[in-house]
Protein chains: 2
Amino acid sequence: MSEKIYVGVDIGGTTIKVGICNEEGVLVQTYEGPTDTDKGTEAILNNIATYARLIVTESTYDWEQVEGVGVGIAGFLDIPNGIIKHSVNLGLRNVNLPEYLEPRLGKTVRINNDANVAALGEAWAGAGKGVPNCVCYTLGTGVGGGIIINGRIIEGSSGMAGELGHIQIVPDLEAIQCGCGKMGCLETVSSATGIIRMAKDAVARGDRTSLAMVDHIMAKDVFDAAKAGDEVAIRIVSRAAYYLGKSMSVVAVILNPQRFIVGGGVAKAGEFLFEQIREVFAKLTPEVAQEGVEIVPAVLGNNAGVVGAAGLLLR
Amino acid sequence: MSEKIYVGVDIGGTTIKVGICNEEGVLVQTYEGPTDTDKGTEAILNNIATYARLIVTESTYDWEQVEGVGVGIAGFLDIPNGIIKHSVNLGLRNVNLPEYLEPRLGKTVRINNDANVAALGEAWAGAGKGVPNCVCYTLGTGVGGGIIINGRIIEGSSGMAGELGHIQIVPDLEAIQCGCGKMGCLETVSSATGIIRMAKDAVARGDRTSLAMVDHIMAKDVFDAAKAGDEVAIRIVSRAAYYLGKSMSVVAVILNPQRFIVGGGVAKAGEFLFEQIREVFAKLTPEVAQEGVEIVPAVLGNNAGVVGAAGLLLR
């Protein structure tokens, strides 16, 4: 029998990215087209179906080889039933994706949220390849997370598992309120937003730092300043790293994963950040729960979503 | 075909408890015999085999109906291979239990640690019956834990998952060192040992409390005093409850289980304790992660271990 292929779809606010993965999770072809968010639900769904067909037509594979189509999307989802309950940035409400797509494509359609599919992508064919138990962090505007146990995404009883950015890890005395309404969530300090906020606070209160001369501070500016020896920037990065490492220490005694995979824009700071996270993790975690545990950068970059979406069809 | 039965074995330092469960996890028969820890490895293993045979012989079932034998034991285990690497209280080292028992019993033998099997017992046939995702706390000398996802124990990459007592939840300023060597673990405040320590500290520093008149303070004394209105005891119980609820809030965003099940001696304090835990959980957890989540007492008591051990044979 000919090789099976898996189609992954990563729906963003402006573009829909589609990819074909082979049985090893290798992304052999990609295609991107506009989401057409402004044209409404029908247009978006039609684009998904069109692009999924198109990428296979333009490839060397036949449609018969397609095992199914997986879709990653940000929003509140009813994962088992494939329903997008609410996707704020796409303006979708109560859309049953398999119901729409399966008759049009003649293939199984599965959905999951963006952070979970990115984690599955890394676990299947990225930094976690061959490792059954991985926990993934995505450090961007917020802190996203995904948990893979025995090669499968842990969704939780209402799809809320893996919300690592909302681990309340900052002690009350220094906690600020998170977008979720609660105090001291990890993402208040370890996301790009958190790092930028700490930098702006430091500048506003007159701390002596080279960041005072930066017009629109980005997380990268803070890392660059820290690498150049700026004491204030160093303190901000240590704080972001400290709570990441501490949260991993908590996850380690709960789930005992073999590997933590860290991706997203902030992770581009590289070894400078990773060394600090590893140091904190080593210091805080009981020995038996840190044996053989690695903290490594994600490797698939922006492709993690499309690879993981394709991976939703694996059983 | 006749009904399958599952034999569970719960090995303690002084007695070995054996039970037969039916396909619904109902414990239909139990037997207890001495462990004979002082007689060494061979005697202990022989007792397990003897009691497992005996309980079935004395029942209305035939040996042919036995699906397998599950064993719960405290210690460091290599679960996939069934090896007891080190059980301190039994004096066992590097014992391969299936290798010894399977030829003697002619049945599949599986092992897992005591906290995990207790969790599986409650999930299968106790307070978590019918609920696929449960997290169990056992509040005793320490704080044990077990995580059940889709009806299966989460073991982690080296068997260290579910060590909920070692979630570092107490902030540095008020943290004390745990037996594991790290600071601020949940079990330093929410175990019987932690509660007794806080009570003794209060008495030692001259706090006005009725506990000053108790000779050997037990956790129950602290709960009784708190229920009677003793301010110091109330503060100690609130603290134990606070960190339990806070740890559940952390677990909720990581795993999003449907039910938290709390057992062990300390849980006997009942609704007085549970109400406080639920209040903290409700206050600290993001709304989306607490919808439909329940915090309930364990119901199987000391039988959880033997039921869960039997449940290891379920697939």
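Residue numbering restarts at 1 for every chain, and letters A, B, ... go by the order of the sequence lines.
- Shown here for N256(B) and A161(A), the closest heavy-atom pair between the two residues is CB-N, 3.4 Å.
- With a threshold of 4.5 angstrom between heavy atoms, I167(A) approaches chain B through its backbone and through its side chain.
- More than 12 heavy atoms of other shown residues, nucleotides or ligands fall within 6.0 angstrom of atom CD in E174(A).
- Considering only heavy-atom pairs separated by less than 4.5 Å from chain A, the leading option among I254(B), V135(B), D172(B), I169(B) is I254(B).
- T285(B) approaches K182(A) most closely through the heavy-atom pair O-CE, 3.2 Å.
- The residue among L164(B), V131(B), V288(B) with the most heavy atom pairs within less than 4.5 Å of chain A is V288(B).
- With a 4.5 angstrom heavy-atom cutoff, S249(A) touches chain B only via side-chain atoms.
- If you tally non-hydrogen atom pairs under 4.5 Å between each of G162(B), G292(B), A289(B), G184(B) and chain A, the highest count goes to G162(B).
- In terms of heavy-atom pairs under 4.5 angstrom with chain A, the leader among L255(B), V250(B), I149(B), N133(B) is L255(B).
- Here the closest non-hydrogen pair linking K246(B) and Q168(A) is CE-O, 4.1 Å.
- Other residues, nucleotides and ligands contribute over 12 non-hydrogen atoms within 6.0 Å of the CZ atom of R235(B).
- For the options P171(A), C180(A), P286(A), heavy-atom pairs under 4.5 Å to chain B are most numerous at P286(A).
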